[in-house]
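See structure below.
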Amino acid sequence: MITTKSISIVVPSEPTPNGPLQLSESDQIMPWTHPTFIYIYRSNNNIPLSFETMNNSLSRALAHFYPLAGRLKWIEGGRLQVDCNAIGVQVLEAHSDLKLDELGDFAPTGTVEDLVPKIDYTTPIEEWPLLRVQLTRFVCGGLSVGVAISHTLVDGLSTTNFINSWAKLARGDNLDDHEIPFLDRTVLRSSEPLMLPRFDHIAYTTKPPLLIGSMDAKEEQKKETSVTLLKLTTEQVEVLKKRANQEMGVTIRPYTRYEAISGYIWRCACKVRAIDSSHDQQTRVRLVVDGRNRLKPPLPQRYFGNAIFGTVTSTSIERMTDEYIRSAIDFITSQKHVGGLRSSFHIQGYTQGPFLGNPNLSLTSWINLPVYDADFGWGKPVYVGPGSLNMDGKAFIMSSVAVDGSLIIALRLQAQYMDSFKKLFYEDIK
């Protein structure tokens, strides 16, 4: 059982710019919900958790990352802007009567989901904190830091940079100049004057395929799902990567780990869903590509915002060039209303927006996120992963704590397929 002992409002430690912050078009198409992260720490009796230290260091971090202390507001065309009003973020102090070992492998189910704070989406958007943190102490002395952060404001890398900066301040250090966030989102503005899109951006203009015979995805959305963590050793990852490159022969470049593992997950999912037995059944995978270093010139190293762009399997990752991304930005800008471009809301059972589950998948890579650098003074975390998985077919591909090339895959799948998927997943690697 988890008991909340206190809720604090933390504001920036010094005055910050006030007023509206213009969001980029890549911010506008992100779900307005809050993805969640869970950081797990073993007991360190030498340095106990100090909630005062955590709140004070968070306050110092917000002086640099001040948009997080603001609030969202709706503007025309289903778009949003940030009101930088320094209202603050929320920090929950909690206690669990469990030991960390009782949480198993930290798959985002049940008690683990309770370690991340919840957002009340029934209230007006102007009341939602853009950041809510839950600090939970366990009877064994272990700790968890649960984070819910607005996806309208940040992507995974921006979130990780913020958490790592907060952790550094909690250790008593100061941020170096190169660690200060770059907050000007106009570097991702559309063409002036606005140009017509140069490509067909089907990730935004087409809906995911439905099962043959279905008029909509309502029945699939109702089906029971389950969550698992799949672990791949360094050797298994290399086997899959080598196999993917051998099967495809000569390509522009070798497949990355993300591409090879994503293709393997997709193949296994198709087999257990019996999609192969219906040759007319369409299926696709939604992937996320970081555009920071694909743009010309690249975005500033500490760009704080959303610089990720969705693509689907009929559009190769290789195609995500500066020209393609700029075209996507122009396409989004040209839309009178952007509400229909948002998907993958972080609310389990939420039926608005496209359903990315059966016969499809949505695969996100956290492989290159430096999540294990989040040392608040108690040592590095022993596990970092999503605090929840919102729908069937959703998966995160993550580095393990060993950071040796081994991977962890957090996957939600319809319960009727999960056991068969796990069996096939490991059998086919042998």
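Computed over heavy atoms, backbone and side chain alike; hydrogens, waters and symmetry mates excluded.
At least one donor-acceptor pair closer than 3.5 Å links the side chain of Arg273 to the backbone N or O of Asn360. Using modelled atom types, one side-chain atom of Gln134 and one backbone atom of Asp114 make a donor-acceptor pair closer than 3.5 Å. Checked by atom type and distance alone, the side chain of Arg132 never pairs as donor or acceptor with a backbone atom of Ile119 at under 3.5 Å. When atom types are taken as modelled, the side chain of Thr256 and the backbone of Glu259 share a donor-acceptor pair closer than 3.5 angstrom. Judged by distance alone, the side chain of Asp83 and the main-chain N or O of Arg71 form no donor-acceptor pair under 3.5 Å. Between the side chain of Thr283 and the main chain of Pro359, a donor-acceptor pair closer than 3.5 Å is present. A side-chain donor-acceptor contact under 3.5 Å links Arg185 to the backbone of Phe304. In this structure, Arg342 contributes its side chain and Met30 its backbone to a donor-acceptor pair below 3.5 Å. A donor-acceptor pair under 3.5 Å links the side-chain atoms of Tyr258 to the main chain of Leu363, judged by distance alone. Panel note: side chain Lys296, backbone Arg294; no donor-acceptor pair is recorded below 3.5 Å.
Remark: Ile125 pairs with Leu72, Trp74, Leu80, Trp128 by the side chain to side chain contact (heavy atoms under 4.5 Å, CB included) rule, at least two apart or across chains. In this structure Arg326 satisfies the salt bridge (charged side-chain N to carboxylate O under 4.0 Å, His left out) test together with Asp322, sequence neighbours excluded. Applying the side chain to side chain contact (heavy atoms under 4.5 Å, CB included) test to Ser43 and every residue at least two apart in sequence or in another chain returns Asn45.
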Side-chain donor-acceptor pairs of residues 203-215 under 3.5 Å, sequence neighbours excluded:
{"unit_1": "Thr205", "atom_1": "OG1", "unit_2": "His201", "atom_2": "O", "d": "3.1"}
{"unit_1": "Thr206", "atom_1": "OG1", "unit_2": "Ile202", "atom_2": "O", "d": "2.6"}
{"unit_1": "Thr206", "atom_1": "OG1", "unit_2": "Arg284", "atom_2": "NH1", "d": "2.9"}
{"unit_1": "Ser214", "atom_1": "OG", "unit_2": "Leu211", "atom_2": "O", "d": "3.4"}

Considering only distance and modelled atom types, tabulate donor-acceptor pairs under 3.5 Å from the side chains of residues 144-159, sequence neighbours left out.
{"unit_1": "Ser150", "atom_1": "OG", "unit_2": "Thr152", "atom_2": "N", "d": "3.3"}
{"unit_1": "His151", "atom_1": "ND1", "unit_2": "Val154", "atom_2": "O", "d": "3.1"}
{"unit_1": "His151", "atom_1": "ND1", "unit_2": "Asn306", "atom_2": "OD1", "d": "3.2"}
{"unit_1": "Asp155", "atom_1": "OD1", "unit_2": "Leu157", "atom_2": "N", "d": "3.4"}
{"unit_1": "Asp155", "atom_1": "OD1", "unit_2": "Ser158", "atom_2": "N", "d": "3.0"}
{"unit_1": "Asp155", "atom_1": "OD1", "unit_2": "Ser158", "atom_2": "OG", "d": "3.2"}
{"unit_1": "Asp155", "atom_1": "OD1", "unit_2": "Arg292", "atom_2": "NH2", "d": "3.0"}
{"unit_1": "Asp155", "atom_1": "OD2", "unit_2": "Arg292", "atom_2": "NH1", "d": "2.9"}
{"unit_1": "Asp155", "atom_1": "OD2", "unit_2": "Arg292", "atom_2": "NH2", "d": "3.2"}
{"unit_1": "Asp155", "atom_1": "OD2", "unit_2": "Ala307", "atom_2": "N", "d": "2.9"}
{"unit_1": "Ser158", "atom_1": "OG", "unit_2": "Arg292", "atom_2": "NH2", "d": "3.0"}
{"unit_1": "Ser158", "atom_1": "OG", "unit_2": "Tyr303", "atom_2": "O", "d": "3.3"}
{"unit_1": "Ser158", "atom_1": "OG", "unit_2": "Gly305", "atom_2": "N", "d": "3.0"}
{"unit_1": "Ser158", "atom_1": "OG", "unit_2": "Gly305", "atom_2": "O", "d": "2.8"}
{"unit_1": "Thr159", "atom_1": "OG1", "unit_2": "Asp155", "atom_2": "O", "d": "2.9"}

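Nearest heavy atom pair, residue Trp266 against residue Leu361, reads CA-CD1, 3.5 Å. Contact detail for Ala374 and Ile163: the closest heavy-atom pair is CB-CG2, 4.0 Å. Minimum interatomic distance between Pro20 and Gln81 (heavy atoms only, all atoms of both residues): CB-NE2, 3.5 Å. Smallest separation of non-hydrogen atoms from Gly387 and Val116: CA-CG1, 3.9 Å. When all heavy atoms are compared, the tightest approach of Tyr372 to Val382 is CE2-C, 4.2 Å. Here the closest heavy-atom approach between residue His34 and residue Leu130 is recorded as CD2-O, 3.8 Å.
Under the 4.0 Å criterion applied to side-chain N and carboxylate O atoms, Lys223 and Asp392 are not assigned as salt-bridge partners. For the pair Asp105 and Lys231, the salt-bridge criterion is not met [side-chain N within less than 4.0 Å of a carboxylate O]. A salt bridge links Glu219 with Lys222: at least one charged nitrogen is closer than 4.0 Å to a carboxylate oxygen.
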Under the side chain to side chain donor-acceptor pair (under 3.5 Å) rule, what do Ser400 and Ser406 come out as? Steps first, then yes or no, please.
CA-CA 6 Å; Ser400 72; Ser406 57; 2.6 Å; yes
For Asp27 and Ser24, run side chain to side chain donor-acceptor pair (under 3.5 Å): C-alpha distance rounded to whole Å, both residues' side-chain angles, the deciding distance at 0.1 Å, then the answer.
CA-CA 5 Å; Asp27 295 323; Ser24 71; 3.0 Å; yes
Please step through side chain to side chain contact (heavy atoms under 4.5 Å, CB included) for the pair Phe65 and Leu131, ending with a clear verdict.
CA-CA 11 Å; Phe65 297 84; Leu131 172 67; over 6 Å; no
Run the side chain to side chain contact (heavy atoms under 4.5 Å, CB included) test on Tyr383 and Val112 for me, step by step, so that the C-alpha distance in whole Å, both residues' side-chain angles and the decisive distance to 0.1 Å come before the verdict.
CA-CA 12 Å; Tyr383 173 80; Val112 171; over 6 Å; no
Could you check Lys271 against Ser420 for side chain to side chain donor-acceptor pair (under 3.5 Å), going step by step and ending with a plain yes or no?
CA-CA 9 Å; Lys271 286 183 177 179; Ser420 298; over 6 Å; no
Could you please spell out the steps behind the side chain to side chain contact (heavy atoms under 4.5 Å, CB included) verdict for Thr364 and Lys394?
CA-CA 8 Å; Thr364 300; Lys394 180 68 176 178; 3.3 Å; yes
Derivation and outcome, side chain to side chain contact (heavy atoms under 4.5 Å, CB included), residues Val285 and Ile265:
CA-CA 10 Å; Val285 176; Ile265 294 171; over 6 Å; no
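Atom CG of Leu143 and atom OG of Ser96 lie 11.5 Å apart (nearest 0.5 Å). A distance of 6.5 Å separates CG of Asp330 from CE of Met195, quoted to the nearest 0.5 Å. Atoms CZ and CG, from Arg243 and Asp428 in turn, are 6.0 Å apart once rounded to the nearest 0.5 Å. For the atom pair Asn55 CG and Leu135 CG, the distance stands at 7.0 Å (nearest 0.5 Å). To the nearest 0.5 Å, atoms CZ (Arg412) and OG (Ser362) are separated by 13.5 Å. The distance from atom CD of Gln414 to atom CD of Gln221, rounded to the nearest 0.5 Å, is 10.5 Å.
Residue pairs meeting the ring-ring contact (aromatic ring centres under 6.0 Å, His included) criterion with at least one member in residues 385-420, sequence neighbours excluded: Trp366-Phe396.
In this structure, Phe199 and Tyr324 have tilted ring planes: the angle between them lies in the 30° to 60° band.
Taking the side chain as every heavy atom from C-beta outward, Val133 and Trp166 approach each other to under 4.5 Å. Annotation: side chain of Val187 is not in contact with side chain of Leu295 (no heavy-atom distance under 4.5 Å). Annotation: side chain of Tyr66 is in contact with side chain of Leu183 (closest heavy-atom distance under 4.5 Å).
Counting non-hydrogen atoms of other residues, nucleotides and ligands closer than 6.0 Å to CG of Leu194 gives a total above 12.
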